Amino acid sequence: RTPMNGIMGFLQLLEISPLSDEQKDYVRMIRNSSDTLLNVINEILDISKIEAGMMKLEHIEFSLTTIIREAIFLYRASAMEKGLDLRLIFHADLPDMVLGDPTKLKQILNNLISNAIKFTDEGGITIEVMTQSEEDNRLMVTFQIKDTGIGMTESDLEKLFIPFSQVDASLTRKYGGTGLGLSICKRIIDLLGGSIEVSSIKNEGSTFTFTLPFFLINRDSPRPRKGWNTQTKGRIIEPSLSSNSAGAVADAQINTTEHMQRAESFRSYTKPSILLAEDNEINKKFFINMLKNMGLTCDVVSSGGEAVSACLARDYNLVFMDCQLPEMDGFEATRQIRLLEGDKKHSIIIAITAFAMSGDEKRCLEAGMDDYLCKPVVLKEAVEIIRKYTGYASALFEPESSEFQKIVRQLILDMDFTQAEAEELVLDFAQHAAEMLNRTRELVLEGKLAEAKHSLHQLKGSAGNIRAKEVADYAKAAEQETDLDVILEYIEKMRLLIRKLNETTN
């Protein structure tokens, strides 16, 4: 994986350099091939760990519904690009907080949802989650992923979970893949004490159903309201969160780690001082050049001990800490830095980790790190991390910024939301604002001015909370207006803005 991290890192820097159209095409093809190769490496490492008995299982507390949402959000853009519906249904008896292995659950969901989207060209994918049985504190939860894709024959199904096998060689050429993904899913499900089955009809679709055991933490834990089943093209929206979704997500964010609550008081919005703790020469050069493109520089150390010493000698706004450093690893180095800092200061420490495979996310946060970047580092994510924790704005990706992206970025800066959380809120707002504006317009045309102004007042508040300033300003102006024609003009302006948000694909 280490040489692949270097290849993919420098490809990203090459992409943003001056290139001819032909060169851009070459870089894009190399990027696609590199993504595919990295996926092959990850799958081979996983199957090797399982066969060697080295696959470690976690048994920790986590939010079941949050993990499911996070897994699905990764594929919203892919579904939207293909024009597919992506539905999420939680049954009313499903608890939220459970004990189990969130990393493995997300890996299973990622693989099955990715496959469903890959082999579906029309229609959509439905993910349904329900409680199968509940006895004492042991819970069996069933996950069903149903698509309207190409489907399979009975003979195809017999090959489905055999490593390195695919149902049709022509599908491998068309869709790609190693034939390992489903085999890994089944083996992980078996390790967790669950089961998986498949039903399929050729040219009509497939349904993958797997069941996993979890343990209840609190039998009185809040459970989803029955009927969470709302769809738009490629988007997942849960109506039960819409009335106070910002508060709900904010609460979840605050509870992530105690030190995250302290970070805000130490935030700097000037040009940040940065320390990179990394022992790989290729990764060092990538980071140095990435920061150079942003107009920034950094100090560099090669071990955990050197990182501790550097933080003692100088106050850094940001420390990018590789987790696997020699002598003293990044986790221990972070613990040492936090111990030495006490309450006097708080250096923002960003882990650089391959946790997506090893499950190190929890270790990062417990060690005192504020956030993390996954290897291979995605340039846009690194830029956003720097913006999020320092307020330093780079023009690196500004030409691509849409109104949707600007609102998302502002939410991340103001509220410390993750990218997925901010996107969810903006998409949720855009959907409901469109419905509200249509209704408000009808009220105005019917002469029900008081009801229309009440609706505008609500829209003004929600737009302000979501950082959609232009919509909030128009709603405020319309609320104060008495001329019906002028109010309708404001409503049309807002409908145009909301339409643009709803049409956004990034």
Side-chain angles (χ1 to χ4, degrees), residues 55-74 88 90-110 127 129-143 185 188-195 210-225 228 238 240-241 244-245 247-263 323 331 334-335 338 349 351 353-372 374 416-418 420-421 424:
M55 178 67 76
K56 295 179 181 179
L57 301 180
E58 293 181 311
H59 191 68
I60 62 174
E61 178 180 340
F62 70 96
S63 168
L64 183 60
T65 54
T66 298
I67 288 295
I68 295 167
R69 292 190 197 104
E70 287 178 353
I72 296 170
F73 285 144
L74 292 173
L88 172 60
F90 285 138
H91 281 223
D93 57 355
L94 188 73
D96 185 31
M97 299 306 297
V98 297
L99 285 172
D101 192 325
T103 305
K104 301 299 184 296
L105 172 59
K106 190 181 287 189
Q107 185 174 358
I108 296 165
L109 289 171
N110 285 346
I127 300 95
V129 189
M130 67 203 81
T131 300
Q132 185 187 80
S133 64
E134 186 176 332
E135 185 176 350
D136 295 328
N137 285 330
R138 193 170 189 268
L139 187 76
M140 296 299 291
V141 178
T142 295
F143 304 79
C185 279
I188 291 175
I189 289 168
D190 290 342
L191 283 173
L192 292 170
S195 61
F210 68 96
T211 301
L212 291 177
F214 299 95
F215 291 89
L216 284 170
I217 297 171
N218 180 2
R219 298 183 66 86
D220 298 323
S221 175
R223 307 196 179 198
R225 188 174 65 188
W228 280 13
E238 295 167 8
S240 58
L241 287 181
N244 190 25
S245 54
V249 177
D251 288 344
Q253 181 73 11
I254 288 171
N255 291 331
T256 305
T257 53
E258 291 181 5
H259 63 271
M260 284 288 285
Q261 299 177 47
R262 298 182 54 245
C323 291
F331 302 111
T334 299
R335 282 189 283 267
R338 294 297 182 226
I349 300 179
T353 175
F355 85 88
M357 287 190 64
S358 64
D360 280 342
E361 175 184 4
K362 186 168 180 283
R363 289 182 65 195
C364 294
L365 298 175
E366 286 181 343
M369 295 168 173
D370 298 283
D371 216 323
Y372 47 83
C374 301
D416 268 342
F417 288 164
T418 64
E421 288 167 348
E424 175 195 8

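What you are looking at is a predicted structure, and each value in this text was computed from that prediction instead of being measured.
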Peer 1: Please name the residue in the list V129, T211, I108 that meets the side-chain contact (heavy atoms from CB on, under 4.5 Å) test with F143.
Peer 2: V129

Peer 1: If you take all heavy atoms of T334 and A367, which pair is closest and at what distance?
Peer 2: CG2-O, 3.4 Å

Peer 1: If you take all heavy atoms of L57 and L191, which pair is closest and at what distance?
Peer 2: CD1-O, 3.6 Å

Peer 1: Less than 4.5 Å apart, side chain to side chain, heavy atoms only: is that true for K104 and L212?
Peer 2: no

Peer 1: For residues L139 and P95, report the shortest heavy-atom separation together with the two atoms involved.
Peer 2: CD2-CG, 3.3 Å

Peer 1: With rounding to the nearest 0.5 Å, note down the distance linking CD1 in I67 to CD1 in I72.
Peer 2: 11.5 Å

Peer 1: What's the shortest heavy-atom distance between H59 and F215, and which atoms?
Peer 2: CE1-CD1, 3.5 Å

Peer 1: L88 versus I127: any side-chain heavy-atom pair under 4.5 Å?
Peer 2: yes

Peer 1: So do the side chains of T66 and P102 get within less than 4.5 Å of each other, counting heavy atoms only?
Peer 2: no

Peer 1: Do E366 and F331 have side-chain heavy atoms sitting under 4.5 Å apart?
Peer 2: no

Peer 1: Can you tell me how far apart CD1 (I189) and CZ (F210) are? Round to the nearest 0.5 Å.
Peer 2: 5.5 Å

Peer 1: Salt-bridged, D370 to R338, with N to O below 4.0 Å?
Peer 2: yes

Peer 1: Determine yes or no for a side-chain-to-main-chain donor-acceptor pair under 3.5 angstrom, with D96 supplying the side chain and S63 the backbone.
Peer 2: no

Peer 1: Which atoms form the tightest heavy-atom contact between F62 and L99, and what is the distance?
Peer 2: CE2-C, 4.3 Å

Peer 1: Are V141 and V98 packed together at the side-chain level, in the sense that at least one heavy-atom pair is separated by less than 4.5 angstrom?
Peer 2: no

Peer 1: Measure the spacing between OG1 of T65 and CG of L94 and express it to the nearest 0.5 Å.
Peer 2: 7.0 Å

Peer 1: Looking at L365 and M369, what are the two nearest heavy atoms and their distance?
Peer 2: CD2-O, 3.7 Å

Peer 1: How many angstroms lie between atom CE of M140 and atom CD of Q132, to the nearest 0.5 angstrom?
Peer 2: 6.0 Å

Peer 1: Which value, rounded to the nearest 0.5 Å, describes the distance between Q107 atom CD and L109 atom CG?
Peer 2: 10.5 Å

Peer 1: Working to the nearest 0.5 angstrom, can you tell me the gap between D101 CG and F214 CZ?
Peer 2: 8.5 Å

